[in-house]
Asker: 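Below is one structure. I have some questions about it.
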Amino acid sequence: MRTVHAYAAPSATEPLVPTTIERRDVGPKDVLIAIRYAGICHSDIHTVRGDWGPITYPQVVGHEIVGEVVEVGPAVSKHAVGDRVGVGCMVDSCRECDNCRAGMENYCLNGSTDTYAAVDRDGTITQGGYSTHVVVDEDFVLRLPDAVDYAAAAPLLCAGITTYSPLAHWKAGPGTRVAVVGMGGLGHMAVKIAAAMGAEVTVLSRTLAKKDDGLAFGAQDYYATDDDATFEALADRFDLLVNTVSAPLDVDRYLRLLRLDGTMINVGAPPEPMPVTMFTLFGNRRSFAGSTIGSIAETQEMLDFCAEHGIAPETELIAADQINDAYERVLSGDVRYRFVIDTTTL
Ligand code: NAP
Ligand code: ZN
Ligand code: ZN
């Protein structure tokens, strides 16, 4: 065991505080990573505030992790000391169920082990990336391509893969019209990735405040959802609609923007149910779908895709003592477009 510095939530209502946590000894197939940067995902906030149900405190969150390998177990073959690597939302899965065997650990039928707030193999609760070191099974560690900017890479491990996976699965590309709803951490990555895939991209944001950014990220069009005229102008238009909003939406209103055989994919994860009217689905034979992160192989594919296309998240680097302010800024929509913690300040 080793004791490492971290930032933890003491309860659902108190600010995060500096602390120390224990990391397990490096096992035969484990990699010890000195974490250099950790992104702040809205899911971190949902989790520590208990939005998705009660958790055990104190809890360290963070599942957008990049760093350097500093030690490897004797059976490790995929990573070496000195490699730049990443860890995303999972650190393990059962490896035996149909979905794991099909290479889709993110849909593990026995529940993949989340990077934080999950019960690990040894019975302890997993603790996330707002810390200086983490020990992870090599199969759940990703290679960071040299061409990906180290300081900006962390958000790819959740925001990047969560948007890449559905865009790839539902075949965004030349000739497809993609709408991205909400342009925060996930949304801005969806715009960049869909544009790089060759799709025609439209941003649907609450206001036009971030329009210049959206167009610079590769969108052709940008509309305000605060304006009712948007929903009339864009009716029956899109093949794919990727909803990244962290709060409940009027789903029917967005479904009506889909053309024949169009699909609305929800990646935003508000705790409240979102009702759907069957007749809205009947029209244009529409689909309403969900998607969660991506497999390990797909995450590596996404990292390589981003390296090849020069895609990097837009980040604001913060010190550990700014984490609580950053949370408030994410909640108020004041994020351009992902906060990343410089873990040397922990
Ligand atoms: P974020 O940076 O806060 O972005 C969310 C965006 O949604 C905001 O920038 C804002 O965009 C829009 N928004 C926020 N509140 C809204 C409201 N009340 N009404 C309408 N629009 C609103 O969050 P994120 O980190 O991208 O995460 C987004 C959601 O995805 C969270 O619920 C998170 O838990 C979830 N998530 C899911 C997965 C998965 O695997 N499915 C993975 C990661 C995250 P505009 O200002 O442009 O309107
Ligand atoms: Zn996340
Ligand atoms: Zn499984």
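In each ligand, atom 1 is the first atom listed, and ligand 1 is the first ligand listed. Basis for what follows: all heavy atoms, side chains included, without hydrogens, waters or symmetry-related copies. Just so you know, these numbers come straight off a predicted model, no measurement behind them.
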Asker: Which is closest to atom 45 (P) of ligand 1 in terms of heavy atoms, Cys89, Ser205, Ala159?
Answerer: Ser205
Asker: For Gly185 and ligand 1, does the shortest N/O to N/O distance drop below 3.5 Å?
Answerer: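 Among all N and O atoms of Gly185, at least one is under 3.5 Å from an N or O of ligand 1.
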Asker: I'd like to check which ligand 1 atoms, numbered from 1 as shown, lie under 4.0 Å from a non-hydrogen atom of Ala247.
Answerer: 17 (C), 18 (N)
Asker: Taking backbone and side chain together, does Cys41 place any N/O/S atom at a distance below 2.8 Å from the Zn ion (ligand 2)?
Answerer: yes
Asker: Report the member of Arg206, His46, Arg329, His63 with the shortest heavy-atom distance to atom 16 (C) of ligand 1.
Answerer: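 Checking each option, the heavy atom nearest atom 16 (C) of ligand 1 is found in Arg206.
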Asker: Of the side chain and backbone of Trp52, name the one, both, or neither that has a heavy atom under 4.0 Å from an atom of ligand 1.
Answerer: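 Trp52 to ligand 1: side-chain contact only, backbone stays beyond 4.0 Å.
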Asker: Can you tell whether the side chains of Arg143 and Glu301 come within less than 4.0 Å, N to carboxylate O?
Answerer: no
Asker: Within 2.8 Å of the Zn ion (ligand 2), is there any N, O or S atom belonging to Cys89?
Answerer: no
Asker: Looking at Phe140, Tyr116, Tyr130, which one forms a ring-ring contact (aromatic ring centres under 6.0 Å, His included) with His63?
Answerer: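 The residue from Phe140, Tyr116, Tyr130 that satisfies ring-ring contact (aromatic ring centres under 6.0 Å, His included) with His63 turns out to be Tyr116.
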Asker: Pick, from Met183, Lys210, Glu64, Arg336, the option with the minimum heavy-atom distance to atom 46 (O) of ligand 1.
Answerer: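 It is Lys210 that holds the nearest heavy atom.
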Asker: Look only at interatomic distance and state if Gly182 has a nitrogen or oxygen under 3.5 Å from any nitrogen or oxygen of ligand 1.
Answerer: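 Looking only at distances, the answer is no, because the N/O contact criterion of under 3.5 Å is not met.
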Asker: Could you check whether Arg177 makes a cation-pi contact with Phe238, meaning its NZ or CZ is under 6.0 Å from the centre of the six-membered ring and within 45° of the ring axis?
Answerer: no
Asker: Against Met90, only a single residue in Asn106, Thr113, Val136 fulfils side-chain contact (heavy atoms from CB on, under 4.5 Å); can you say which?
Answerer: Asn106
Asker: For residues Asp252 and Thr280, is any side-chain donor paired with an opposing acceptor at under 3.5 Å?
Answerer: yes
